[in-house]
Each structure stands twice: as C-alpha cells, then as structure tokens.
**Q** 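Okay, handing you the structure first.
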Protein chains: 2
Amino acid sequence: MATHGTRGRSGGRPTLEEVAARAGVGRGTVSRVINGSPRVSDATRAAVEAAVAELGYVPNTAARALAANRTDAIALVVPEPETRFFAEPYFSDILKGVGAELADTEMQLLLIFAGSDKERRRLAQYLAAHRVDGVLLVSVHADDPLPDLLSQLEIPAVISGPRSAAESLTSVDSDNYGGARSAVEHLMSRGRTRIAHITGRLDVYGAQRRVDGYRDALRDAGHPVDDLLIEPGDFTEEGGHRAMRSLLSRCPDLDAVFAASDVTAAGARQVLREAGRRIPDDVALVGYDDSAIARHMDPPLTSVRQPIEEMGRRMIDLLLTEIADRRPAMSRGLERPQMVLATELVTRASS
Amino acid sequence: MATHGTRGRSGGRPTLEEVAARAGVGRGTVSRVINGSPRVSDATRAAVEAAVAELGYVPNTAARALAANRTDAIALVVPEPETRFFAEPYFSDILKGVGAELADTEMQLLLIFAGSDKERRRLAQYLAAHRVDGVLLVSVHADDPLPDLLSQLEIPAVISGPRSAAESLTSVDSDNYGGARSAVEHLMSRGRTRIAHITGRLDVYGAQRRVDGYRDALRDAGHPVDDLLIEPGDFTEEGGHRAMRSLLSRCPDLDAVFAASDVTAAGARQVLREAGRRIPDDVALVGYDDSAIARHMDPPLTSVRQPIEEMGRRMIDLLLTEIADRRPAMSRGLERPQMVLATELVTRASS
DNA sequence: ATCACCTGTGGGAGCGCTCCCACAGTACCT
DNA sequence: AGGTACTGTGGGAGCGCTCCCACAGGTGAT
C-alpha cells in the first residue's frame with residue numbers, strides 16, 4: 001500500500017495513473033481506452049473499463065485541455081442584450097436545435113451575451129484566451145467587428161443569417177428569396193392580381209432578398225410589378241399600421257398583402273379591419289415567420305415558416321466539422337460553405 | 001535571439017515564461033503581477049505590465065485550472081426544459097441579476113439546462129469532473145436529487161426558492177409569507193371583509209407559505225378565517241377559472257380575491273367579468289409576481305412584487321463568498337445561511 | 001557585530017493529461 | 001533464415017500555469 005505516499009490529498013479524485021495501476025496496464029493504454037482509440041485489445045479494454053467503473057474515474061478536463069490544446073466547449077454568442085434574447089422566439093428556437101444536436105456529443109455549450117460594450121470586451125478576452133473550440137454567432141449586425149475578430153484569432157465559427165460581403169465565416173441562413181416567392185405564387189394561385197408587399201427593414205439583407213423574391217415571382221408570372229404596391233416597413237406592428245394606411249390610400253384596389261413578418265401582418269390586419277376590408281374575402285394576407293401570432297390571429301394567418309430549429313442543428317454540424325478539420329489542413333483555400341435552408345408556406349384562413 | 005528554439009509552434013500565444021524573459025524577471029514574479037499579489041515592487045510591476053501589453057499576453061485558462069485546481073467558472077443550472085426557461089420571466093430576471101453582479105468579476109457564467117434525464121446525466125458527469133467552481137440552482141423541485149449530489153461532491157452551491165427540509169445548501173428566497181400578509185392587509189385596509197384566496201400548487205413550499213400569510217393576516221386583524229374562502233389553484237390561468245367559479249358558487253358574498261399568481265388572477269378576472277362582477281367596485285383583486293400581465297390587465301392589477309433580480313444578485317454574492325471560504329476552513333460547522341428578501345406590494349386599480 | 005525578521009524575487013516541482021517514440025510480439029512475405 | 005509490416009503496449013516529455021521553498025538584501029533590535 002504505502003508506496004511512497006507523497007500524493008494523497010486523501011479523498012482526491014482518481015487519476016489516469018491510478019486507473020492504470022488498478023487495471024495493471026500503462027498510462028497510455030488507459031488514455032487510449034478513455035478516448036475510444038481502436039488500437040486496444042478487447043481484453044485490455046474490458047480491464048480498464050472495469051477499473052474506471054470501480055474507481056469512479058472522471059477525466060480532469062483542465063489537464064486534458066492543457067495537454068491536447070482543446071476545451072471541448074463551444075460558445076453560443078448572442079450580440080444582443082439579454083432582454084431581446086428572451087423576447088424573440090428566434091433565439092430560443094436556435095438554442096433548441098443547437099441543444100438537440102449537441103446532446104450526444106461531449107461538447108459543452110456556453111451561452112454568452114455581448115450586448116453592452118463591457119460584455120464585448122469580456123468576450124474578446126475570453127476568445128483571445130481560447131476558452132472555447134468554436135463559436136456560434138447569431139444575429140450579427142452589418143458592421144459588427146466580431147466576425148473579423150474570430151477569423152483573426154482563427155477560431156472556427158458559424159454565423160446565422162445571411163453572410164455579409166466582407167467576412168469569410170461559414171454561415172447558415174434560410175431561403176428568404178424562395179420564401180417570398182412561394183408566398184406570392186400562392187396568392188397568385190388564389191386568383192389575386194393586385195398583391196402589395198410591406199417590406200422589412202431594408203438594411204437587413206434578408207429583407208432585401210424577400211423583396212427580390214416578391215418582384216421575381218410577379219415578373220415570372222407575367223404580372224407587371226407596380227412599385228406603388230411596395231411599401232417599406234420595419235418588421236414591427238407599428239410599421240405595419242403605417243404601411244397599410246399608405247398602401248390603402250395609394251392603391252385602394254389591392255386584393256392581397258404580403259408582409260415581411262407576422263407582426264407586421266398583424267398591424268396591417270388591424271388597419272384593414274378598420275377600413276372595412278374583410279380577410280380573406282376582400283384582401284388576402286400572408287405573413288412571414290409562422291410565429292405564434294400567426295396561429296392565434298383572427299383569421300389564422302398564412303405564413304412562411306423558417307426552419308429555425310434546423311438552422312441551429314446545421315450550424316452545429318458545420319461547426320463541429322470545422323473544428324475537426326482544423327488540424328489536418330488548416331484553411332486549404334476552400335471557400336467557406338454557405339448553407340441555405342428551404343422555407344415552407346403554411347396555408348391558413350387568411351388567404 | 002535563437003536561444004534554443006525548441007518551443008516555437010510559431011505564431012503561438014505567448015506564455016508566462018516569455019513575458020518573464022521580456023520583462024527581465026522570473027516566472028514567479030510575472031505570476032504574482034498577473035494575480036495581483038501585493039508583494040511586488042512598483043518598478044517590477046510596471047515592467048511586467050509593459051511586457052504583458054507588448055506581447056499581448058493572455059493567461060492560459062487550462063493551465064491555470066490544472067495548477068490551481070479552480071476553473072473561474074460557475075454554472076447556472078436550470079432543472080427544467082428550455083421552453084419553460086424562456087416562457088417564464090422568473091428565469092430571465094434571475095439571469096439579469098446574476099449577470100449584473102458577475103459583470104466585474106473574472107468568473108464566467110455557464111447556462112446549463114437539465115430538463116430531460118439525458119441532460120441530467122450529462123450534468124452529473126459535468127459536476128463530477130468539477131468543471132465549475134460553484135453552482136446556482138434555480139427552481140428546484142421537492143424530490144430533486146441535485147442538491148444532495150452537490151453537497152456530496154462538496155461543490156459550493158446556492159439555490160433559489162425556499163429550502164426544503166433535508167438539504168444543507170445556502171438558499172435565497174423572497175418572503176412569501178410577508179408578501180401574502182401585505183396583500184391581505186391592503187385589502188382589509190380598503191374595507192374588504194370577505195377576502196378569498198386562490199392558492200398556488202400546494203406541493204410548492206412557497207405557495208404554502210402564502211396561505212399561512214393569508215390566514216395570519218386575517219386572524220391578527222381579528223377576522224375569522226373562513227376555510228370556504230380558500231380554494232386550491234395551481235398557478236395557471238385555467239386553475240384560476242376553476243377556482244373562481246367554485247368560489248363564486250360557494251361564497252357569492254365575497255368582496256375580494258387574493259390570487260397566488262398574476263396568471264391565476266387573470267383567470268379569476270375573466271370569470272368575475274362573466275358573472276357580472278365589476279373590478280374593483282364589487283370585487284377587489286390582487287395577484288402575485290407583478291409580471292407584465294399585471295400592468296397590462298384591465299383594470300391594471302395590484303400585485304406583490306418579488307425582487308427576483310436582486311435574488312439573482314444575492315445568490316452570486318453568497319456563492320462567491322462560499323467559493324472563497326472553501327479553502328481556509330471547509331464547512332466549519334456553521335449553519336448554511338438562508339436569506340429571505342422582502343416583497344413589495346404594487347397598488348393598482350384592481351383594488 | 002549578531003541575530004531576527006521582514007520584503008522581493010527566482011525557479012523547482014508538480015497539477016493530470018495527450019502525444020509520440022520505442023519496442024515486444026506476431027504474421028506473412030521473400 | 002532474414003526481412004518487412006502491423007498490432008498492442010509502456011512510459012518519457014511536455015502543455016503553461018501555481019505553489020512554495022530558498023535566498024539575497026535591507027532594517028532594526030539586542
């Protein structure tokens with residue numbers, strides 16, 4: 001027993017070495033078993049596993065991180081104040097997908113908010129210390145320095161939403177163009193001809209793509225595109241009110257409205273009601289997001305569903321691949337992938 | 001230059017040793033400066049700080065964790081599915097307080113959900129690996145094994161909500177008893193005499209305490225306590241409906257209702273309306289939580305505000321203290337503190 | 001002058017892993 | 001027989017820190 005009892009912070013957790021002694025093998029072999037290396041005989045593996053179970057061995061993450069230069073953790077960075085994170089279902093859906101995909105991995109997920117400048121600075125320190133193997137960046141604004149910082153530090157990262165010009169990070173987005181097209185095509189198939197569009201904030205790339213989809217759908221069907229039928233909004237209910245009022249006064253003959261978000265559609269609906277237009281009899285209405293609002297609206301709102309949860313899952317897939325690939329051939333000149341997921345039109349009574 | 005260039009994974013991050021060389025001091029001295037030890041002369045400190053800045057040195061967390069046996073991270077564990085976390089403002093308020101209090105610390109916060117069994121197992125592994133210095137446990141259910149696990153592993157932890165019998169963890173709670181008392185006293189001061197109470201889920205200790213507060217407030221004011229006026233609810237709107245209906249049929253003469261949550265109050269309000277009772281003219285109504293619902297109800301709801309954000313802040317305070325104290329004298333027989341924060345009655349038009 | 005005791009400082013010895021080289025053993029060609 | 005190759009295994013050499021002992025040099029009491 002008392003070999004040379006130097007160690008023994010008594011009750012301490014068992015180490016690799018102790019497991020090795022117990023199993024009658026070497027340190028390296030235990031390490032191989034723990035890490036699932038195939039080059040271990042079945043008998044040895046069994047012996048080691050028994051020792052691990054008997055001793056209740058749990059690897060020391062810090063030691064592993066130090067020796068292997070990895071942390072087995074990835075961060076979900078939300079460059080927003082916490083309040084927005086909780087207010088918008090977008091984030092919780094992403095998180096759900098991410099969590100599901102990560103569930104059978106050894107990776108640990110950290111949630112980091114970087115809304116304030118102070119938090120930003122902390123995050124920069126955190127990343128500089130390489131405390132995570134990779135980063136998921138959701139909701140990046142146009143002039144955000146974070147993507148640049150990440151590629152400078154050579155930290156694998158995936159961003160959600162459309163990739164803006166400069167950055168070279170992998171991204172996952174939903175098909176805003178296609179989603180808009182399907183909404184407009186649906187309205188045309190219902191016999192509507194004077195279809196208006198209330199846009200989102202046009203400094204958001206996705207909103208711009210929806211306008212493109214709207215235009216192209218009309219043009220390809222041989223309809224003229226009447227610019228008077230396009231009114232800028234800002235994704236809010238308020239914006240929906242304003243836009244709908246000006247549309248009604250400008251084009252009283254419109255028979256359908258495609259809004260760039262469900263919330264905007266709700267605002268439009270209210271104005272339409274007040275103006276005595278029945279939905280869908282007089283004016284058909286289609287929204288975007290397929291949020292809870294859409295289901296509970298009266299009448300229930302046809303809306304374009306984005307596969308947000310799946311976006312979360314894909315982001316993790318891509319990130320894990322990138323982390324795994326980093327070692328063999330770092331940045332082998334390949335273009336970073338940009339994945340675009342299909343949307344789905346959910347038809348309800350409003351159209 | 002080329003001393004013995006063995007190291008040099010070129011472009012690698014600078015180490016303590018390199019900073020020491022640059023500053024012309026020893027490794028130990030740099031470590032002392034980094035960790036803010038007072039036993040360093042001003043001149044040396046300045047030299048080291050200059051070297052740190054020039055080299056852009058950032059300590060390697062893994063190495064530090066390994067050597068010092070601490071992680072500088074704490075976990076906020078939510079033993080619920082993610083959906084509930086997002087649905088209930090309670091969590092986001094706690095998180096806000098925690099985040100604020102942690103902002104000027106070096107501690108990193110991890111958010112961990114442990115709703116499913118799978119997640120539970122992962123968490124257990126995680127804790128066994130001592131990957132965090134401490135744990136904040138919010139919303140613990142009666143028979144949850146987590147508190148026991150934590151004290152077994154000797155991981156500092158603070159739980160939110162009332163401390164149930166067995167466990168010996170530090171806890172922070174709001175004064176459910178006092179909150180209920182203040183609500184009832186307020187109603188009595190408004191001249192109400194037949195005050196009903198719709199309880200919360202009575203297997204939740206806090207709900208039980210609110211009933212106690214209700215009873216004692218009446219008794220101490222010399223009012224008889226009529227058990228017919230107490231109807232069990234479950235914190236939900238549905239429960240509010242049911243409870244209010246049975247109260248109305250049993251005690252049509254009631255002139256006030258104290259509900260154990262705002263949501264329950266909203267349910268009760270609906271039934272009262274349908275029964276033709278005006279609020280507050282015929283029946284005064286008081287809720288609990290002072291959530292957004294309370295402000296937006298028609299009429300706005302008087303409600304008992306819990307200082308949830310402050311609870312978050314206090315939890316961190318206590319946890320950090322406990323982490324700091326662990327070393328000098330581990331568990332010196334002292335009772336774990338249980339902190340109870342005062343509530344505040346927010347008076348609005350419903351009473 | 002001697003001792004005691006501070007303050008500042010350098011650097012050895014780990015912390016518990018992973019990586020990788022070395023090597024025994026077996027197998028299958030020449 | 002000798003070579004070549006592969007499988008399984010042991011263990012040395014770090015990874016970049018913190019802790020702590022040793023020690024130089026100063027200060028003040030005896």
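Proteins come first, then strands; the chains are lettered A, B, ... in the order of their sequence lines, and each starts at number 1. Values reported hereafter were calculated over all heavy atoms of this structure, with side chains retained and with hydrogens, waters and symmetry mates removed.
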**Q** Looking only at the side chain of A:A67 (C-beta and beyond, no hydrogens), which of the listed nucleotides D:dG16, D:dC20, C:dG16 gets closest?
**A** C:dG16
**Q** Send over the distance from A:N69 CG to C:dC20 P, rounded to a whole Å.
**A**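 Distance, rounded to whole Å: 12 Å.
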**Q** Rounding to a whole Å, what distance do you find between A:E18:CD and C:dC15:C1'?
**A**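 In whole Å, C:dC15 C1' and A:E18 CD are 13 Å from each other.
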**Q** Of the nucleotides C:dG16, D:dG16, C:dG10, which one has an atom closest to the side chain of B:A63?
**A** D:dG16
**Q** With the threshold set at under 4.0 Å for non-hydrogen atoms, list the residues of residues 40-52 of chain B touching DNA chain D in residue-number order.
**A** none
**Q** Tell me the interatomic distance from A:I34, atom CD1, to C:dT18, atom P, rounded to whole angstroms.
**A** 8 Å
**Q** Only one of B:L110, B:V77, B:I112, B:L109 forms a side chain to side chain contact (heavy atoms under 4.5 Å, CB included) with B:V132, so which one is it?
**A** B:L110
**Q** Over all heavy atoms of both residues, which pair between B:R131 and A:T71 is shortest? Give the atoms and the distance, please.
**A**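 So the minimum-distance heavy-atom pair works out to NH2-O, 3.4 Å.
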**Q** Over how many whole Å does the gap from A:L66 atom CG to D:dA13 atom P extend?
**A**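 In whole Å, D:dA13 P lies 18 Å from A:L66 CG.
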**Q** For residues A:D72 and A:R64, report the shortest heavy-atom separation together with the two atoms involved.
**A** OD2-CD, 3.9 Å
**Q** For B:R32 and C:dT9, what is the distance between atoms CZ and P respectively, to the nearest whole Å?
**A** 8 Å
**Q** Would you please name every residue forming a salt bridge (Lys or Arg N to Asp or Glu O under 4.0 Å) with B:E80, sequence neighbours left out?
**A**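 Salt bridge (Lys or Arg N to Asp or Glu O under 4.0 Å) list for B:E80, sorted by chain: B:R84.
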**Q** Is the phosphate of C:dT18, meaning OP1 or OP2, less than 4.0 Å from a side-chain N or O of A:N35?
**A**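 For A:N35, the contact criterion (side-chain N or O under 4.0 Å from OP1 or OP2 of C:dT18) is met.
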**Q** Could you tell me the separation between the CD atom of B:E17 and the P atom of D:dT18, rounded to a whole number of Å?
**A**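 For the pair B:E17 CD and D:dT18 P, the rounded distance is 13 Å.
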**Q** Could you tell me how far apart A:R64 (CZ) and C:dC15 (P) are, to the nearest whole angstrom?
**A**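 So the two atoms are 19 Å apart, to the nearest Å.
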**Q** Looking only at the side chain of A:R39 (C-beta and beyond, no hydrogens), which of the listed nucleotides C:dT18, D:dT7, D:dT18 gets closest?
**A** D:dT7
**Q** Considering only heavy atoms and no angle criterion, is a donor-acceptor pair shorter than 3.5 Å present between the side chain of B:R27 and the base of D:dT18?
**A**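 Under the 3.5 Å cut-off, the side chain and the base do form a donor-acceptor pair.
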**Q** Rounded to whole Å, please give me the gap between CG in A:L55 and C1' in C:dG16.
**A**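 Checked: the CG to C1' distance equals 15 Å.
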**Q** Of the candidate nucleotides C:dC17, C:dT18, D:dT9, which contains the atom at the shortest distance from the side chain of A:T29?
**A**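 From the listed options, D:dT9 comes nearest.
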**Q** Considering non-hydrogen atoms only, spot the tightest contact between A:S160 and A:V138 and give its length.
**A** OG-CA, 3.4 Å
**Q** So which atom in A:L169 and which in A:S151 form the shortest heavy-atom distance, rounded to 0.1 Å?
**A** CD2-CB, 4.3 Å
**Q** Testing the basics here: between B:Y57 and B:I34, what is the closest heavy-atom pair and its distance to 0.1 Å?
**A** CE2-CD1, 3.7 Å
